[in-house]
Amino acid sequence: MKKICILLAFCLLLSMLCLPVQGAQPDTAGKSALLMDMTTGKVLYEKNSHEKLAPASVTKVMTMLLIMEAIDSGKISWNDTVTVSEAAAAKGGSQIYLKVGETMPVTDMLKSIAVSSANDCACAMAEHIAGSEDAFVEAMNRRAEELGMKDTHFVNCTGLDDGENAKEHLTSAYDIALMSRELMKNHPDIMKFTTIWMDSVRGGAFGLANTNKLIRFYPGATGLKTGFTSAAGYCLSATAQREGLSLIAVVMGAATSQERFAACKSMLDFGFANYALVTPEMPQSTAVPVKLGHEKAVTALPAEESALLIDKSQRQSVTTHVELEETVTAPVSKGQKLGTLTIKAGEQVLAQIPMVAQESVERLGFWELFRQILGRIAMCG
């Protein structure tokens, strides 16, 4: 009996040691690392996060972003047939061994990129969208600039480092988080592919296995992309979601595959243990009466996303208070400030967000006002 008690005590101690410790900093191997909240973009942890490094196949986060933007804009469709060129078929590294002249729908191309990091499919999609890989890379760099990715310069759509100017193909953990956030937050359909553990293409003839092992082994994992070359080391952008909180963990230049997964797991554990995302409750009515307007009232809503990233210990004490103008006189402009939303945790003010008009309200003209006055006189009579 005594031995059983000792064994149970040992198991309990071991399980406690395995749990993420609230407040403890993540254990991150690799040259650089970063943890970001997907909703707010707030950085929760970083190590050399702006160091310019080779990203290997994590490059394909941008490739997938441009593919999703082309689909969502109507430039291409899911059912488009993509014809494989000599350049695409010649790509080395991870691939599904496309043949020159072979055709495949966009859906299977994107699935192969997301799940198996297929370089040949990435090149084929780049050519399908932009006409050539070079033109697609120009679009990648333009998009990187638009997203504020100041540490980034792409020279190809795959991350392979055996080509011309390959040493100039650089980005940072911070920039990877930026493009990962843009892809996952604004194009959620990509998760249909990034959450696949095993699948196939070519009518089941060619199997795919996800290179991101966290998809199978980390609860709440939603993506995203691995990368490895001898020059870049082992890289990973990992995304996960729990209880409404979505996180992005990035590691670059790890010495082994196990190290990159352990580093991202440690950062994700840290984030989920210490932070919570709350969306404060709004009053049922936020209408402000309008004087002399074509509408009798205008709706006021927060000027920005009111979801807040807070310390997990504050979650139960969050309160909101909305102060609105009693009335407003037309004309009212869309976006005009009509009040303030104050969010607190206890007595601590977490945020004050302007409440703004959701639509414009034009002022009544002279004759319209005159008719209203006549109508009121008639009612009084």
Side-chain angles (χ1 to χ4, degrees), residues 19-26 34-46 148 177-178 180-182 184-186 188 191 219-222 239-249 266-291 293 295-330 332-361:
L19 289 172
V21 180
Q22 189 167 355
Q25 290 294 298
L34 180 133
L35 177 68
M36 178 182 285
D37 170 55
M38 192 180 297
T39 301
T40 64
K42 184 176 180 180
V43 174
L44 308 180
Y45 170 84
E46 58 185 324
L178 288 182
S180 299
R181 181 182 182 228
E182 182 69 17
M184 300 297 282
K185 185 180 179 186
N186 294 323
M191 283 191 284
T222 56
T239 57
Q241 180 177 345
R242 293 182 192 171
E243 298 178 352
L245 179 63
S246 297
L247 300 176
I248 305 162
S266 179
M267 284 187 281
L268 292 171
D269 284 347
F270 169 77
F272 288 127
N274 289 281
Y275 296 95
L277 190 71
V278 296
T279 302
E281 291 186 10
M282 295 292 296
Q284 288 186 347
S285 176
T286 56
V288 177
V290 178
K291 293 179 178 179
E295 303 293 337
K296 294 182 178 180
V298 61
T299 301
L301 291 177
E304 59 195 63
E305 197 170 59
S306 57
L308 285 182
L309 188 72
I310 62 171
D311 188 288
K312 209 166 188 176
S313 63
Q314 297 177 312
R315 183 165 49 181
Q316 301 303 321
S317 62
V318 173
T319 59
T320 61
H321 178 66
V322 175
E323 289 187 3
L324 295 173
E325 299 285 349
E326 290 185 7
T327 60
V328 63
T329 302
V332 178
S333 302
K334 183 177 180 179
Q336 181 177 326
K337 184 179 177 181
L338 300 175
T340 304
L341 167 65
T342 301
I343 306 171
K344 290 184 175 182
E347 294 302 314
Q348 179 189 357
V349 176
L350 300 176
Q352 288 188 307
I353 302 171
M355 297 286 289
V356 300
Q358 293 304 290
E359 60 275 328
S360 298
V361 179

side-chain contact (heavy atoms from CB on, under 4.5 Å) filter on Thr286, not counting sequence neighbours, yields Met282, Pro283, Thr299, Leu301, Leu324, Met355

Qualifying residues under side-chain hydrogen bond (donor to acceptor under 3.5 Å, both in side chains), relative to Tyr275, sequence neighbours excluded | none

Taking side-chain hydrogen bond (donor to acceptor under 3.5 Å, both in side chains) as the test, write out the residues that go with Thr40, two or more places apart.
-> Asp37

Summary of salt bridge (charged side-chain N to carboxylate O under 4.0 Å, His left out) pairs that have at least one residue in residues 315-328, sequence neighbours excluded | Glu243-Arg315

Residue pair Ser266 / Pro26: nearest heavy atoms and the distance that separates them | OG-CA, 3.3 Å

List in chain and number order the residues that pass side-chain contact (heavy atoms from CB on, under 4.5 Å) with Glu295, two or more places apart in sequence or in another chain; answer none if no residue qualifies.
-> Val361

Contacts of type side-chain contact (heavy atoms from CB on, under 4.5 Å), residue Ala240, not counting sequence neighbours | Tyr218, Leu268, Phe272

Is the shortest heavy-atom distance from the side chain of Leu308 to the side chain of Val318 under 4.5 Å?
-> no

When rounded to the nearest 0.5 angstrom, what is the spacing between CG in Asp311 and CG in Asn274?
-> 7.0 Å

By side-chain contact (heavy atoms from CB on, under 4.5 Å), which residues pair with Ala307, not counting sequence neighbours?
-> Thr39, Leu277, Thr279, Glu305

Separation between NE2 (His321) and CD1 (Ile343), nearest 0.5 Å, reads 12.5 Å

Considering non-hydrogen atoms only, spot the tightest contact between Ser180 and Ile248 and give its length.
-> CB-CG2, 4.0 Å

Applying salt bridge (Lys or Arg N to Asp or Glu O under 4.0 Å) to Glu46 and not counting sequence neighbours gives none

Residue pairs passing the side chain to side chain donor-acceptor pair (under 3.5 Å) test with at least one member in residues 332-345, sequence neighbours excluded, are Thr342-Gln352

Does any non-hydrogen side-chain atom of Leu44 lie less than 4.5 Å from one of Leu309?
-> yes

Between atom OG1 of Thr327 and atom NZ of Lys291, what is the distance when rounded to the nearest 0.5 Å?
-> 4.0 Å

Distance, nearest 0.5 Å, that separates NZ of Lys42 from CD1 of Ile310 = 10.5 Å

Evaluate the side-chain proximity of Leu178 to Met36: yes if any heavy-atom separation is below 4.5 Å, no if none is.
-> yes

Would you please name every residue forming a side-chain hydrogen bond (donor to acceptor under 3.5 Å, both in side chains) with Gln348, sequence neighbours left out?
-> Gln314

One should read off an interatomic distance between Glu347 CD and Thr319 OG1, to the nearest 0.5 angstrom, of 8.0 Å

